[in-house]
> 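Pasting in a structure now, in C-alpha cells, and then I'll have a few things to ask.
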Protein chains: 2
Amino acid sequence: MAVTEAQPGNERVRGGGKARERILEAAYDLFAHRGIQAVGIDAIIAHSGVARQTLYRHFSSKQALVLAFLERREELWTKDWLQSEVKQRSADPEQRLLAVFDVFDGWFRSPGFEGCSFINVMLEITDPADPIHRAGTSYLVKIRDFLEDLARSAGIADADNFARQWHILMKGSIVAAAEGDQDAALRAQQIATIALRDAKRLEPWSRPLLGKPSPH
Amino acid sequence: MAVTEAQPGNERVRGGGKARERILEAAYDLFAHRGIQAVGIDAIIAHSGVARQTLYRHFSSKQALVLAFLERREELWTKDWLQSEVKQRSADPEQRLLAVFDVFDGWFRSPGFEGCSFINVMLEITDPADPIHRAGTSYLVKIRDFLEDLARSAGIADADNFARQWHILMKGSIVAAAEGDQDAALRAQQIATIALRDAKRLEPWSRPLLGKPSPH
DNA sequence: AACGAATCAGACTGATCGTTCTCCCTCCGT
DNA sequence: ACGGAGGGAGAACGATCAGTCTGATTCGTT
C-alpha cells in the first residue's frame, strides 16, 4: 500500500489523473493483452500519454513495471474479480468451487478476453530464476491456496491434491478458451462436478461428524 | 516431405550434416525451450554453427523458420512421440486415452521438460491473425482430432465434447508441470479416470449393440 | 583441372529495444 | 515572490533486432 504518500488533494492536473496511475493502467491493458516481450516502453508511454522520464521516475525499469503489473493483476483479477464473484454466488464451499466455472464462463465469452496473465508470463519468461517468472508462479500459488481453503471447508480429505486438480481444470479451460473454445468453462465444470462428487463419495469418513473415526 | 532433393550420399561434409538440418535442430531446441521472441536469429546461427546467409538461403524469414519449427514439432512430438507411445502401450481405445497421462508422467519428470510449444506459441503470439498463432492452434486441433478418434472408438457418445474435455486435462496438467508440479500427470489421470467411467456409464445406449435404438 | 553451387565470415543497414540525459514548463508550499 | 519538485518533449545512448550484401573458400561434379 501507500502509493508514494497519496494524501487527498495531491493529484496532478495534467491529464486528469496521477502519472503513476496512468502508467499502470496503460501497462495493465498492454501487458495483459499482448504479453510482456511484445510490449515496449514506447507503447506504454504512448498509451499513457506520459513523458519518458516520468515513467522511469515511478518505475526504475521495465522489470519493475512488469512486477507492478502482476501485483495489480492479483488485486484486480484474482481478488476483486474471481474470488469476489465466487464468494458472492454462494456461501457453500462446494457450490463456491463449482461457481468458479460459472464465473469463467462469463469471462470466456467477454469480447476482450485476455487469458490468465500469470500463466502467460510464466510460459513467456521461461527462466525459473527470473523474478518475473517467479512472480507469475507465486500468484498462481495464491489462487491454489484459495481453492485449497474451499476444499478444506467442503470437508475434502486431500485438500492439496484436490485443489491442484481443480486448478488443472481451470488452467486447461483457460488455454482452451484462448484457442477459441467459448464453451471451455462448461466442459471443465462437467468434469469438475463428477470429480467433486467422487471426492466426497470416496472419503466420507473424513467429514467431521461426531467423533473422529480415524485409523488406530 | 522432400527436404530439397535428399538423395543418399548428398550430405555436406562441413559439420557432419546438411546446413538446413543443423539450422532446424538448433531452432528446435532454442524455440522449444526459450520461446519465439526470446530467441534471435543470432542465437540460432551461433548454435547451428552456420553462416548468416546460409540460414536465409534455407528460410526466407524468421517467421518461416518458426513455422518450420512447429511443423517439425508436430512430427517429432505429436506423432513420433505422444501418439506413438500411446498406441504402443495398449490396443484398447479407453486404455490408450488413459495412457496419455502415463506418457505425460514420464515427460514431466524428464530433466529438460520444455512444455507444449503449441500452447506456448499460441499464448506468446496473441494476434489471432498471425500465421504463427494460427499454426499453433491448428496443431492443437490435430491433437484433439487424435483424442476424438480414440473417444469414438471407445464408443463414447459425444466424442467432440469428450475430446475437448480430455484436452483440457492435458493442457492443464502441462501448465501445472511448467509451474513445477511433477505429479500433475497423475492428478489429471485421476480425474480423467472418473470422467471416462462417467462418460461410459451415462450413455450406454450409445454403444453399438445390435440395431440402432436411436430416436424417431 | 575447372566450373558452379553451397557455405563461411563478417561488415552493414535501418529499425527498435531499454535506458539516460537535457531543457523547459507548470504547479504547490512557503 | 520564490524555489523545488513533477511532469512534458525529445535527443541521444549503446545494444540488439531481422535482414542484406560482399568476397573468399570449399564442395561435388564433370
Side-chain angles (χ1 to χ4, degrees), chain A residues 3-27 30-31 34-69 121 124-125 127 130-132, chain B residues 3-27 30-31 34-69 121 124-125 127 130-132:
Chain A
V3 188
T4 54
E5 323 312 316
Q7 56 257 26
N10 196 19
E11 64 272 4
R12 292 250 145 266
V13 186
R14 190 80 59 91
K18 283 205 284 296
R20 183 191 166 90
E21 187 55 28
R22 276 190 290 153
I23 296 168
L24 254 181
E25 282 177 11
L30 290 170
F31 284 151
R34 301 188 205 167
I36 304 300
Q37 313 193 97
V39 172
I41 294 291
D42 290 343
I44 297 173
I45 289 172
H47 275 71
S48 62
V50 110
R52 198 169 203 79
Q53 188 61 19
T54 304
L55 186 147
Y56 279 99
R57 188 192 323 277
H58 291 284
F59 304 95
S60 61
S61 65
K62 183 183 181 181
Q63 174 177 290
L65 182 54
V66 171
L67 293 176
F69 152 66
V121 154
E124 194 178 356
I125 313 295
D127 179 13
D130 192 303
I132 297 178
Chain B
V3 188
T4 52
E5 321 313 315
Q7 57 259 28
N10 194 18
E11 64 271 6
R12 292 250 148 269
V13 185
R14 192 79 62 87
K18 285 207 285 296
R20 183 193 166 92
E21 187 56 28
R22 276 191 289 152
I23 296 168
L24 254 182
E25 283 177 11
L30 291 169
F31 284 151
R34 301 188 206 167
I36 305 300
Q37 312 191 98
V39 172
I41 295 290
D42 290 343
I44 297 173
I45 289 172
H47 275 72
S48 63
V50 109
R52 196 171 202 77
Q53 188 62 18
T54 304
L55 186 147
Y56 280 100
R57 188 191 322 277
H58 291 284
F59 304 95
S60 60
S61 65
K62 183 181 181 181
Q63 174 177 288
L65 183 53
V66 172
L67 293 176
F69 152 66
V121 154
E124 195 178 356
I125 313 295
D127 179 13
D130 191 302
I132 298 179

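Being a predicted model, the structure only gives us computed values, none of them experimental. Within every chain, numbering begins at 1; the chains are lettered A, B, ... in the order of the sequence lines, protein sequences first and strands thereafter.
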> When you compare the protein's N or O atoms with those of nucleotides 11-17 of chain D, which come within less than 3.5 Å of each other, and at what distance?
none

> Check whether any side-chain nitrogen or oxygen of A:T54 sits under 4.0 Å from OP1 or OP2 of D:dG6, and answer yes or no.
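So the side chain of A:T54 is outside the cut-off, no N or O lying under 4.0 Å from OP1 or OP2 of D:dG6.
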
> Checking A:F69 now: which residues fulfil ring-ring contact (aromatic ring centres under 6.0 Å, His included) with it, not counting sequence neighbours?
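For A:F69 the ring-ring contact (aromatic ring centres under 6.0 Å, His included) partners, ignoring immediate neighbours, are A:Y28, A:F31.
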
> Can you tell me the distance, in whole Å, between the CD1 atom of B:I45 and the C1' atom of D:dT20?
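From B:I45 CD1 to D:dT20 C1': 12 Å.
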
> Please give, in whole Å, the distance from C:dT19 C1' to A:L55 CG?
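Going from CG in A:L55 over to C1' in C:dT19 covers 11 Å.
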
> Mind checking what makes side chain to side chain contact (heavy atoms under 4.5 Å, CB included) contact with B:A46, not counting sequence neighbours?
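Not a single residue meets the side chain to side chain contact (heavy atoms under 4.5 Å, CB included) criterion with B:A46.
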
> Of all the heavy-atom pairs spanning A:I44 and A:A26, show the shortest one and how long it is.
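Distance-wise, the nearest heavy atoms are O-CB, 4.0 Å.
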
> I need the NZ-P distance between A:K18 and D:dG7, as an integer number of Å.
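My rounded result for the distance is 10 Å.
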
> Does the side chain of B:R22 get closer than 4.0 angstrom to OP1 or OP2 of C:dA6 through an N or O atom?
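So the side-chain polar atoms of B:R22 never come under 4.0 Å of the phosphate oxygens OP1 or OP2 of C:dA6.
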
> Mind checking what makes salt bridge (charged side-chain N to carboxylate O under 4.0 Å, His left out) contact with A:D127, not counting sequence neighbours?
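Here no residue qualifies.
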
> Distance check needed: C:dG18 P versus A:F59 CZ, whole Å only.
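Distance check: A:F59 CZ to C:dG18 P gives 15 Å.
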
> Figure out the OH/P separation between B:Y56 and C:dC8, and round it to whole Å.
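The distance from OH of B:Y56 to P of C:dC8 comes to 16 Å, rounded to the nearest Å.
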
> Measure the distance from CD on A:Q37 to P on C:dG18 and round it to the nearest whole Å.
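So the CD-P distance, A:Q37 to C:dG18, works out to 10 Å.
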
> At under 4.0 Å, does any side-chain N or O of A:H58 touch on OP1 or OP2 of D:dG7?
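True: A:H58 side-chain N/O within range (under 4.0 Å) of D:dG7 OP1/OP2.
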
> Of the candidate nucleotides D:dT20, C:dT19, C:dC8, which contains the atom at the shortest distance from the side chain of A:S61?
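Nearest listed nucleotide: C:dT19.
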
> May I have the distance from A:R57 (atom CZ) to C:dT22 (atom P), rounded to whole angstrom?
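Roughly 14 Å, once rounded to whole Å.
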
> Return each pair, listed once, that meets side-chain hydrogen bond (donor to acceptor under 3.5 Å, both in side chains) where at least one residue sits in residues 41-50 of chain A; pairs must be two or more places apart or across chains.
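Sorted result for residues 41-50 of chain A: A:D42-A:R52.
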
> Examine the base of C:dC8 for any acceptor or donor lying under 3.5 Å from a partner atom in the side chain of B:Q53, and report the outcome as yes or no.
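Donor-acceptor pair under 3.5 Å: no.
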
> Do side-chain atoms of A:E124 reach the backbone of A:G35 as a donor and acceptor pair under 3.5 angstrom?
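It does not hold such a pair.
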
> Name all residues meeting the side chain to side chain contact (heavy atoms under 4.5 Å, CB included) criterion together with B:A68; count only those two or more places apart in sequence or in a different chain, and write none if there are none.
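In terms of side chain to side chain contact (heavy atoms under 4.5 Å, CB included), with neighbours along the sequence ignored, B:A68 is linked to B:L24, B:F59.
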
